[in-house]
Number of protein chains: 4
Amino acid sequence: MTFNNNKAIYLQMADRLCDDILAGKYKADDRIPSVREYAVMLEVNTNTAVKAYEELARDGVVYNRRGLGYFVDPNAKEQIMQARRETFYREVLPEMFRQMKLLGIDINKVDEKWAEL
Amino acid sequence: MTFNNNKAIYLQMADRLCDDILAGKYKADDRIPSVREYAVMLEVNTNTAVKAYEELARDGVVYNRRGLGYFVDPNAKEQIMQARRETFYREVLPEMFRQMKLLGIDINKVDEKWAEL
Amino acid sequence: MTFNNNKAIYLQMADRLCDDILAGKYKADDRIPSVREYAVMLEVNTNTAVKAYEELARDGVVYNRRGLGYFVDPNAKEQIMQARRETFYREVLPEMFRQMKLLGIDINKVDEKWAEL
Amino acid sequence: MTFNNNKAIYLQMADRLCDDILAGKYKADDRIPSVREYAVMLEVNTNTAVKAYEELARDGVVYNRRGLGYFVDPNAKEQIMQARRETFYREVLPEMFRQMKLLGIDINKVDEKWAEL
DNA sequence: GTGGTCTAGACCACC
DNA sequence: GTGGTCTAGACCACC
């Protein structure tokens, strides 16, 4: 995995796991790779992977079963979607609108770009 | 001023000054507040304000006249607009579209929010 | 059984069996459930149940008869009571008093809660 | 500082800082020792001290000012007291009562010990 | 000066 | 096998 330099690696790892869960790669109560496995896969240090998993557990996206590993929380998908939706409507969109006004970009331009996808 | 914890304070200060210039608060060749004044206004360390001004000077948004202070570059508005437009189309918009797809948000929803402004 | 995450599962299992013995569920020389039965009952790994039983055997709370299973030691109740009383007066109570002082909770409040039971 | 072997060092450090705040050693908006200073003071690794501070910040007991250090949250005392009180009434007391019943210890005995302090 | 992050490597309890 | 914790040491942005 190649990492963006502007964001902590462990957060990018957590984001990526969330993306994978949303995409259906790991389903409710599925076991995700062990901390060590994941660290090796992404070529990062164990501690960094640990931090990513701790973050996810704190957010209720995964849960831990002692000696067995981490598993996808049944509500993970909802949890992630909700958190991201909130960020989207509370931060991303308003900030984008603010920029658009300052830059004199109209919403048509956005619709246009969307249509091009 | 309240700062976002994920971005350097000096960059947030620079952004804010750019916003003010775009909004017409400071016009071409206007003198902007002194580093110290600005530091006091925003309750930050003088060094932080210095870095913000240096950043702006490097970007050609302001220029310095020894002993007099910093002034708005005549091309500032253009400069800022151009840089931001590029960022907008190259980073902000694509990232927003990516999130919209993951979250199942349609462009209509965005249009709607825009109309509400 | 739901387990506290701060204490080893096998110790919590052992505690629970001791509770049952104190409560009279298993009496002197009664056979307790087999390791495997108990593991299934509490939904834990067999190894974990084995460790719990070994712990209890080490403490003289149960004894093993080859091929027959584990049985409650005739002195189990006494043994457990004594160990717990000691812990109670040496650790539990002093720590509770310390907390009460820090939190400004008076002994009356404790008496009150006790009366409510 | 000597640490109890049954609890993570970083948690014991956090507990200790909370004790100090309750005791009035650090007051609202006081700066607490820097992560590195505290690590040296207690003879632990920097990372361990970092974990303790992160924990406290997550709990709203301290807050961070970039480049300056950690400061006591104005609500820290309340926050700590409330969290501990809750634990006391929800976990410590019920568990103690349960033990007392199993051991046949009466509340008088507790009152007595309290009086002896 | 301050904290945040990361690596490398170890030990340990636990399952 | 699993995760949790800890050390030692480094680099970095930031104030």
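The analysis underlying the following values was restricted to heavy atoms, covering all of them including side chains, and did not include hydrogens, waters or symmetry mates. Every chain is numbered from 1 and lettered A, B, ... according to where its sequence line falls, protein lines coming before strand lines.
Under 4.0 angstrom from either OP1 or OP2 of E/dT2 there lies at least one side-chain N or O belonging to D/R31. Of the side-chain N and O atoms in A/K51, one or more sit less than 4.0 angstrom from OP1 or OP2 of E/dT5. Distances shorter than 4.0 Å separate none of the side-chain N or O atoms of A/Y38 from OP1 or OP2 on F/dT2. For the OP1/OP2 pair of E/dT2 and a distance below 4.0 Å, the side-chain nitrogens and oxygens of D/Y70 include no atom meeting the criterion.
A straight line from CG of A/N64 to C1' of F/dG3 spans 6 Å, rounded to a whole angstrom. With rounding to whole Å, A/N45 atom CG is found 12 Å from E/dA10 atom P. Spacing between atom CD of D/E55 and atom P of F/dG4 amounts to 13 Å, rounded to whole angstrom units.
Between the side chain of B/R98 and the main chain of B/L93, no donor-acceptor pair closer than 3.5 Å is present.
With distances taken from any side-chain atom of D/N47 to the nucleotides F/dT2, E/dC14, E/dT7, the minimum falls on E/dT7.
Environment of CZ in B/R65: sparse, with no more than 12 heavy atoms of neighbouring residues, nucleotides or ligands closer than 6.0 Å.
Nucleic acid contact class of D/R36 (heavy atoms, under 4.0 Å, all strands): base.
Both C/I9 and A/L11 sit near DNA chain E, but only A/L11 has its closest nucleotide nearer the 5' end.
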